[in-house]
Structure formats: C-alpha cells, structure tokens
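Sequential numbering from 1 along the given sequence is applied to the chain's residues.
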Amino acid sequence: MSFDAWIGREQQSSDVLDAARAARWLATFDLAMPEPAIMPQGIHFALCTPDAPTAALGEDGHPARDESAESFLPPFSMPRRMWASSTIEFRAPIAVGAAISRTSRVASISEKEGGSGKLAFVNVEHETRANGTLSVLETQTLVYRDAASSDAPLAPPELGEEVLDASEWEAHRVLNPDPRLLFRYSSLTFNTHRIHYDAPYARDVERYRGLVVHGPLTASLLLQLAATMLGENALRAFEFRGVSPAIADEPLHLVMRGSEGSFELGAFAQDGRQITKAKAAI
C-alpha cells in the first residue's frame, strides 16, 4: 500500500497554558514558578496534546490509525512506535496564560528493511504559536517497527559493572526517573503509550526490561540542564536523538559541554551506555 496520500496532511489544534497547567508542569520537575511567568523551554511538549477518545486507542495506547481521511498518521502494519528524534527552533518564549495554536503537517514518509525487520519513518513538522507569535518550530521523526517476538531478548541489556566517567563534561547531573515521574509526564502530555506505565505490557509485548522513560522527558531534563548553565530560554536551537532506552528506577546521567554558542549534550545510563544524543546553540 502506498502512503503518499498522507504526505501534506495537516492537523490543527489549540490550547491555553493556564496557571494550573504551568504549576503542574513545574511541580513535575521540582521547579519554582519563574518571575516573570515565562515558562522554561520544553513546555511545548505538553501543549496541544493528542485528544483521541479512549475508544479510539490501539493496543499500545496510541491513537489507532486507519485508511480514513481523518487518520493523521498512516496505518502501517508495523505496530511498534517510537519518538526517534526532534529538531527544534525556539523563536519566542511562552508565557503563562498564553493562547496556543499548533499546525502539524506530515512532511515525509519512507519505508525500508532494517536488521530487525521493516521500518517506517514519518517526519512531522509542528508550528507552535503563543498569542499569535511563532514560538517553536519542530520537526519530529517517528519510527514504526515490527512487533517483537515473544522470545526476543529484553532491551536494553542489564547494567554492566562499568561506571560512566563524566570528567570530560562541564556539567553533570544524576537523577533516578522513577514511575511517579513517568506517570506525571504521561499525564502532562496525555501520552497513553503503555511502555511508560504498564510494566507487564512493556516486558511481555514490546520486550523492554522495564518501564521506558519518555524521549521528550529526557529532552526536557537536558533543556533544564542547559538552563542552569546558560539561563532560561537561552537556546535558539536544540536537537536530540534517541540511541537506547532509558529504564525507570535506574540512574540517568545528564551531561553538557561546549563554548562559543555551540553545545553538546547527552544522557547516559550508569554503565556508560548512551541513551540520548543532543546538541544546542544560542
């Protein structure tokens, strides 16, 4: 089946970043309300979230896809979905109380054979405005994969005995993202993908070793690390790419280094396995 008909499809959504929403987002990350009330970068992940009815969800928790004109994303046969990467431009900060609008557009679709089976890639462009002002431009890459076999090795491998050496990084933060943090972030983003809260499903169906930390949650934590070094809303551009799953209740190392307006960031497991690659510019 050709999915060319989905290229160019658009979806419009709107939202309001009210004080209660802002307070819940800040509380999730143990952050205080800024003064003035300009939200940190990363808040856009929790705005204009999907609102499919519960009856329209697939087994994995994502909105089901079909061949209808109302289906924004194409109905690939591959059932497993992951947020692989994003390229983001920050144009203007977002204030508490702002009216939000977003235009999302399917920019490209490609399919190929990988080592683990069929893969499909969808690039979605998001244009987010706050009170009519262009605030965030993001190109998000989604990847769809074949179902995991029931006897597939659990991913990622168990932690090794090695310990990450962060001495070459200028900034280093360690935290344990536990299920409470994952639950709150799923609630903020209205994300019902079961790998983030349903441990038996994550293990038995998608073959993860535990609950999986959201890619944009890790990205948000990296943005907060950048803010501690550079100040709030300092970044002009930010890119991140998932390399390996982060598992809940295991140490997550966030690191950053760079100068002259260009920075490298990353997230690592305790044993040095890289989870996320990222870069930023001011």
Check E206 with R81, please: is the shortest side-chain N to carboxylate O separation under 4.0 Å? no
Member of E138, Q140, H126 meeting the side chain to side chain donor-acceptor pair (under 3.5 Å) criterion with S86: E138
Report yes if the side chains of L221 and R173 come closer than 4.5 Å at any heavy-atom pair, otherwise no. yes
For a 4.5 angstrom cut-off between non-hydrogen side-chain atoms, does L265 reach L254? no
So, R194 side chain and H62 main chain: donor-acceptor pair closer than 3.5 Å or not? no
Within a 6.0 Å radius of atom OH on Y201, are there more than 12 heavy atoms belonging to other residues, nucleotides or ligands? yes
Can you tell me if D4 uses its side chain to pair, donor with acceptor, with the backbone of I7 under 3.5 Å? no
Side-chain donor or acceptor of Q11 paired with backbone N/O of R105 under 3.5 Å: no
Side-chain donor/acceptor of T49 to backbone N/O of A46, under 3.5 Å: no
Could you measure the distance from the CG atom of N191 to the CG atom of L182? Nearest 0.5 Å is fine. 10.0 Å
Under a 3.5 Å distance rule, please check whether R207 uses its side chain to pair with a backbone N or O of A152 as donor and acceptor. yes
Pair Y144 + F76: ring centers closer than 6.0 Å: yes
pair Y185-H196: side-chain heavy atoms closer than 4.5 Å: no
Does any non-hydrogen side-chain atom of F190 lie less than 4.5 Å from one of C48? no
Sidechain N-carboxylate O distance under 4.0 Å for E89, R91: yes
Salt-bridge criterion met for R257 and E264 (N-O under 4.0 Å): yes
Short side-chain to backbone donor-acceptor contact, S71 and E67, under 3.5 Å: no
Taking the side chain from N123 and the backbone from A107, do they hold a donor-acceptor pair closer than 3.5 Å? no
How about F45 and W25: are their ring centres within less than 6.0 Å of each other? no
Would the distance check show the side chain of T192 and the main-chain N or O of G61 forming a donor-acceptor pair, the cut-off being under 3.5 Å? yes
State, with a plain yes or no, whether a side-chain heavy atom of V136 is found less than 4.5 Å away from one of I88. yes
Would you mind checking if R209 and E158 are paired as a salt bridge, meaning a charged N to carboxylate O distance below 4.0 Å? yes
Would you say L188 ends up clustered with M33 if hydrophobic residues are merged whenever their side chains have heavy atoms under 4.5 Å apart, either directly or through other cluster members? yes
Do the numbers put R80 on top of the ring of Y208, so that NZ or CZ is under 6.0 Å from the six-membered ring centre and no more than 45° off the axis? yes
Are any non-hydrogen side-chain atoms of R129 and I94 less than 4.5 angstrom apart? no
Full working for side chain to side chain donor-acceptor pair (under 3.5 Å) between R273 and S244: CA-CA 8 Å; R273 172 177 53 85; S244 178; 2.7 Å; yes
Counting only N and O atoms by type, is there a donor-acceptor contact under 3.5 Å from the side chain of H172 to the main-chain atoms of A166? no
Enclosure of Q12 CD (heavy-atom neighbours >12, cutoff 6.0 Å): yes
E170 side chain to G258 main-chain N or O, any donor-acceptor pair under 3.5 Å? yes
